[in-house]
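Proteins come first, then strands; the chains are lettered A, B, ... in the order of their sequence lines, and each starts at number 1.
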Amino acid sequence: MSRKPDPMSWRKRDDIASRPWRGRAREYDLFKELTVGVVVVGLLVLGLSAVLSSPDDPSVTLKSWASAAPSDFVATATAELGGTSDTAGYGPPYNTTADASQKLGPIDLQTFSGVRIPVDTANDFVINPLKSLPAPSTAVSEWAVGTDKQHTDWTAAYSDALSKAPDNDPAQVGRGDYGPVPALTGALLTMAQQGALDGVLQANGSFYSTDYTPSILFLGDGTYFPGLADTAHLTGDQWGMMNETGNYPGQSWLWLFSFLYQVEPVKSSPNADILVVSIMVLLTLLLTFVPFIPGLRSLPRRIPIHRLIWKDYYRRR
Amino acid sequence: MTADGDPGTGIEAEPRFSTWTGKARGWMLHRLPPDKLLPEDQPSYVASWIYVFGMGAIAALVYIIVSGCVLALNGPAWYHVSGLGHFINSTHLWSVELFFMFMVIHLWGKYWMAAWRGGRVLTWITGMIAFVVSIVTAFTGYLLQTNFDSQWIAFQAKDALNAVGVGAWFNVANLGQILMWHITLLPLAVAGVVALHVLLVRMHGVVPPLEAAATDAQLQQDLPDSAAGEGKHL
C-alpha cells in the first residue's frame, strides 16, 4: 500500500498546488499595484518623517567624559594601566587573556578566531597617547622602567585608594606608593579634557582612520558611558536592542534576540552571548527549512488561519 | 535557433537553440514567459489584504534605496548639520521600519498559507534569506548613525559577534568597514535576493488554498459566472 502524499509537502507533484492554476481568475495589474503601493508607502514615510522625525543624540567624546566625570575617567585609566579593565581581560579578538572567551560546551569560536584586533590597554589607551604630547611627563619614563610587578602594585594601590577617596576624587586620595600612576592618569585626564585624546586615540599615529575600536572600548570600560545608556533604556537588561534614544523604535525585529537575554539560564550565564546567538541561528535555520520539517510544516493546517486568508475561496467552494 | 517547425506537417515544433545565448533565452522563455512575468490576471483566490504586504515591502525598499542614495551623496555625518539631511535620514529610518513591518507580516502570512507547497520551496527560502540579510543591513545602518546610539550599539553588539568568532573579521567599531558593508555589499545582497524571490514568485505563481480540490467551484470550467463569483477562467 502506498503512503498518502503529505499535502503540506514542498515537493512538486501532480496536484493543484503544483499545477498551473486552471480555475477562475480575476483581473490584476502588477504595475498598477506597484504604483499604488509606492504612493501609499511614500505618503506613510513622508508623514511619519514629518511628524515624528528621527533621533540624533550627540555622541559622547573622551573630552565630554573627562569633563563630566573626571573621577570615573581617572579610575578607568588606572584600570587600563593595570590591565584590570574589561577590555584588558576580554580575550580574543583583543588580547590573549586566559579563560576569558565564551564557550558552547567544548566549542570556543572566540579563541579560534584569534587576536585579530590587538589591544594593549596600558600602552594603547594611556602611555602612547601621553608619549604623543610635545613634552611627555617624566612619569612616562618612570613607568617604562618599572617592572610588571611594580605596575601591578602601583595601579592596584591607586585603584584601591581612589575607591576609598571621598567621591572617588583623585585630589582627595591619601598618601601611598602609587609610583607614576597618579601623574600618568592626571596627565591623561588633562589631555582628554583639552580634547587632544579623542584625535590621538582614534588616529593611532596616522592621518586617516575610520576605526573607532580603541575609543569605543575605552569609553565602555568606564561607568559614565554605560550610565548614559542605562538612563536612555538602551542596556541589554532593558531590551535595549529594540530601543532607540528618545521614544523611537529601535530594531524591534530583534525582539526574540533581546528576549533571550532576559530569561534564565541565559540571563546569568557567562556564555550568554554565544548561547543567544546559537539559539537564534538554530531558530532561523528551522524557519528557513520549515518546508522540510514534518510537524512544523503541518501547523498551518492544524491552526486554520488560512481559513481567514482564503475565506472568499472557501465560501464559494 | 535552428528550426521553427515542420512545414510538411504544419506542426509547430519546440524551438531549438544552438548557442549559449540562445539556450539561455530558450530556458528563460520556457520558465518565465512574458505573460507569467507581467501577468494581467491572478487566480481568484488571490483576494486578501495579506497579499499587499509583499508589494508593500518592495515599495518601502524603494524608499530605503532612494533615501540611502541621497544620504550617500553627502556622507554619514551630513544629517547632523543639515535640516534637509535630517529629514532624509528620517525617511530612511521610517521606510526601514515599514519595510520590516510589511516583511514580517508577509512572512507569517506565507507561513500560515504553507506557501512552499507545490515546488515553491526556493521561493520560501529566498524570502527567509532576504529577511536575514535585511536584518544585517539594518544593523549596519544603526551602527552608521555616528551618534550616541551607534556608539552604544557598537559597544554592546561586539560581544555577541566576538563570542561566535565573527567580530574578529566584522568589527562593529570600525566605521569604515561597516560603511562599506552598508552601502555596497549588503544592499547588493538584499536587492539580488529580493529580485530572485520576486522572479520565483512569478515563475511558480501564488500558492493555491490549502485543501483546494478539483471539485471546487473555482476550478469548474463550465460554471456560469453567477455561481462562481467574479472573474474569468485561466
**Report entry** Stepwise ring pair (Phe, Tyr, Trp, His ring centres under 6.0 Å) test for B/W116 and A/F292
**Finding:** CA-CA 10 Å; B/W116 52 79; A/F292 304 104; 9.5 Å; no

Query raised in the report: Do you know which of A/R13, A/R19, A/K32, A/H306 has the most heavy-atom pairs under 4.5 Å to chain B?
Result: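 When all of A/R13, A/R19, A/K32, A/H306 are compared, A/H306 has the most.
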
Query - Leading residue by heavy atom contact count with chain B [cutoff under 4.5 Å; candidates A/Q110, A/K12, A/R307, A/M241] - result: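 Looking at each option in turn, the highest pair count goes to A/Q110.
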
Donor on one side chain, acceptor on other, [X] and [Y], under 3.5 Å:
| X | Y | value |
| --- | --- | --- |
| A/T213 | B/N171 | yes |
| A/Y313 | B/D216 | yes |
| A/Y90 | B/D159 | yes |
| A/D56 | B/H86 | no |
| A/S54 | B/S90 | yes |

Query raised in the report: Is any side-chain heavy atom of A/W21 closer than 4.5 Å to a side-chain heavy atom of B/Y45?
Result: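 A side-chain contact under 4.5 Å exists here.
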
Query raised in the report: With a 4.5 Å limit on heavy-atom distance, are the side chains of B/F148 and A/V60 in contact?
Result: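 SC-SC contact between B/F148 and A/V60 confirmed.
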
Query raised in the report: Salt bridge between B/E40 and A/R26, side-chain N to carboxylate O under 4.0 Å?
Result: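 No, no charged N to carboxylate O under 4.0 Å.
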
Query - Toward chain B: residues of residues 244-252 of chain A with heavy atoms under 4.5 Å - result: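 Checking residues 244-252 of chain A against chain B gives A/E244, A/T245, A/Y248, A/P249, A/G250, A/Q251, A/S252.
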
Requested in this report: Could I get the full list of side-chain hydrogen bond (donor to acceptor under 3.5 Å, both in side chains) partners for A/W253, not counting sequence neighbours?
Outcome: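 Partners of A/W253 by the side-chain hydrogen bond (donor to acceptor under 3.5 Å, both in side chains) criterion come out as none, since no residue qualifies.
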
